[in-house]
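Remarks on the structure that follows.
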Amino acid sequence: MDNKDFLSKAIELAVDNVANNGGPFGAIIVNKDGKIVGRGQNRVTDTYDPTAHAEVQAIREACQQLQTFQLTDCTLYTSCEPCPMCLGAIYWARLNKVYYAADQQLAAAGGFDDAFIYEEISKQHEARNIPFIALQLDNRNAPFEKWIEHDEKVKY
């Protein structure tokens, strides 16, 4: 199978998901051997989970199947350009490449406009629609201090 075949499979997942009352998004993750190791469909509404995007679901499944939290030798194929949350998940998972079909503009025309999130990210904390307020507690660095001194940590 080639990149277009894998991407077509992601699109099929998205179309099938709409028929099952899910969102119009699908994703697959393929390892370096060309094997599909993760599949995901948007399940936000039926799971009551705003993070249940197709890309995140595929990342979770691939990590479980491969028993790792880094997918450095894997490629993501997704029916739509990833949103800001999924983009973050992709970087945290360290995928090596992403292929997508529809872009942000097609998603917006279909009722899924995430431009406001990109705008919010660039604003100063106090100017955001949801205020982000740092409280200066004396123990605010305790988790990081504990992490630094912990000898058995698994770095990521």
Side-chain angles (χ1 to χ4, degrees), residues 1-134 143 147 153-156:
M1 293 181 57
D2 66 15
N3 292 325
K4 289 184 179 181
D5 294 326
F6 287 127
L7 191 53
S8 291
K9 284 195 172 296
I11 293 169
E12 288 173 21
L13 281 175
V15 172
D16 290 346
N17 202 44
V18 172
N20 291 307
N21 297 319
F25 303 95
I28 62 171
I29 294 177
V30 177
N31 70 8
K32 65 182 176 186
D33 299 322
K35 179 182 175 196
I36 297 174
V37 294
R39 290 177 179 81
Q41 295 170 301
N42 182 288
R43 303 310 306 176
V44 168
T45 56
D46 66 336
T47 61
Y48 308 107
D49 180 356
T51 68
H53 289 199
E55 296 90 341
V56 173
Q57 300 290 77
I59 289 169
R60 288 174 180 159
E61 184 175 292
C63 287
Q64 288 298 307
Q65 184 170 329
L66 298 173
Q67 293 292 286
T68 184
F69 53 85
Q70 294 186 349
L71 302 171
T72 54
D73 292 330
C74 296
T75 301
L76 173 71
Y77 297 85
T78 180
S79 62
C80 187
E81 184 176 357
C83 74
M85 177 185 69
C86 293
L87 182 65
I90 289 162
Y91 275 93
W92 279 114
R94 293 173 173 77
L95 286 148
N96 70 358
K97 194 175 288 185
V98 176
Y99 291 93
Y100 65 92
D103 62 16
Q104 291 178 38
Q105 290 72 30
L106 290 172
F112 295 88
D113 189 355
D114 55 11
F116 75 98
I117 298 172
Y118 287 102
E119 292 169 10
E120 285 289 299
I121 290 170
S122 67
K123 292 180 182 178
Q124 294 295 318
H125 289 176
E126 62 277 357
R128 292 180 178 165
N129 287 325
I130 299 173
F132 280 61
I133 304 158
W147 173 257
K153 62 182 161 260
V154 177
K155 292 185 179 181
Y156 61 100

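Counting only residues at least two apart or in different chains, side chain to side chain donor-acceptor pair (under 3.5 Å) contacts with residues 77-87 comprise N3-Y77, E55-T78, E81-Q104.
Between the side chain of D103 and the backbone N or O of Q105, at least one donor-acceptor pair lies under 3.5 Å. Judged purely by atom type and a 3.5 angstrom limit, R60 has no side-chain atom pairing as donor or acceptor with the backbone of G40. A donor-acceptor contact shorter than 3.5 Å is absent between the side chain of N20 and the backbone of G22.
The minimum heavy-atom distance linking P131 with N129 is given by the pair CD-O, 3.6 Å. Residues F25 and A14 share a closest heavy-atom pair of C-CB, 3.5 Å. Here the closest heavy-atom approach between residue G26 and residue L13 is recorded as CA-CB, 4.0 Å. The two atoms that bring F6 and I28 nearest to each other are O-CD1, 3.3 Å, heavy atoms only. Considering every non-hydrogen atom in both M85 and T51, the closest pair reads CE-CA, 3.7 Å. Taking all atoms of both residues into account, the shortest heavy-atom contact from I11 to A101 is CD1-CB, 3.7 Å.
In E126, the CD atom is crowded: over 12 heavy atoms of neighbouring residues, nucleotides or ligands sit closer than 6.0 Å. Residue Y100 places its OH atom among 12 or fewer non-hydrogen atoms of other residues, nucleotides or ligands, all under 6.0 Å distant. In this structure, K32 places its NZ atom where only 12 or fewer heavy-atom neighbours from other residues, nucleotides or ligands lie under 6.0 Å away.
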Contacts under 3.5 angstrom, residues 67-74 side chains, donor-acceptor by atom type, not counting sequence neighbours:
from: Q67; atom 1: NE2; to: Q64; atom 2: O; distance (Å): 2.6
from: T68; atom 1: OG1; to: Q70; atom 2: N; distance (Å): 3.2
from: T68; atom 1: OG1; to: Q70; atom 2: O; distance (Å): 3.3

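In this structure, the side chains of Q65 and I29 stay at 4.5 Å or more apart for every pair of heavy atoms. Within the 4.5 Å cutoff, the side chain of K9 has heavy atoms near those of the I36 side chain. Residues C80 and F112 form no side-chain contact, since every pair of their non-hydrogen atoms from C-beta on lies 4.5 Å or further apart. With contacts defined as side-chain heavy-atom distances shorter than 4.5 Å, the pair H125/I133 does not qualify.
For the atom pair CG of L87 and CD1 of I117, the computed distance is 11.5 Å after rounding to the nearest 0.5 Å. In this structure, R43 CZ and Q57 CD are separated by 9.0 Å, a value rounded to the nearest 0.5 Å. Between D46 atom CG and N21 atom CG the span is 8.0 Å, to the nearest 0.5 Å. Distance check: D114 CG to C86 SG gives 9.0 Å after rounding to the nearest 0.5 Å.
With sequence neighbours excluded, the residues forming a salt bridge (charged side-chain N to carboxylate O under 4.0 Å, His left out) with E120 are K123, listed by chain and number.
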Output, in order, the C-alpha distance, side-chain angles, deciding distance and verdict of side-chain contact (heavy atoms from CB on, under 4.5 Å) for N42 and N17.
CA-CA 7 Å; N42 182 288; N17 202 44; 4.0 Å; yes
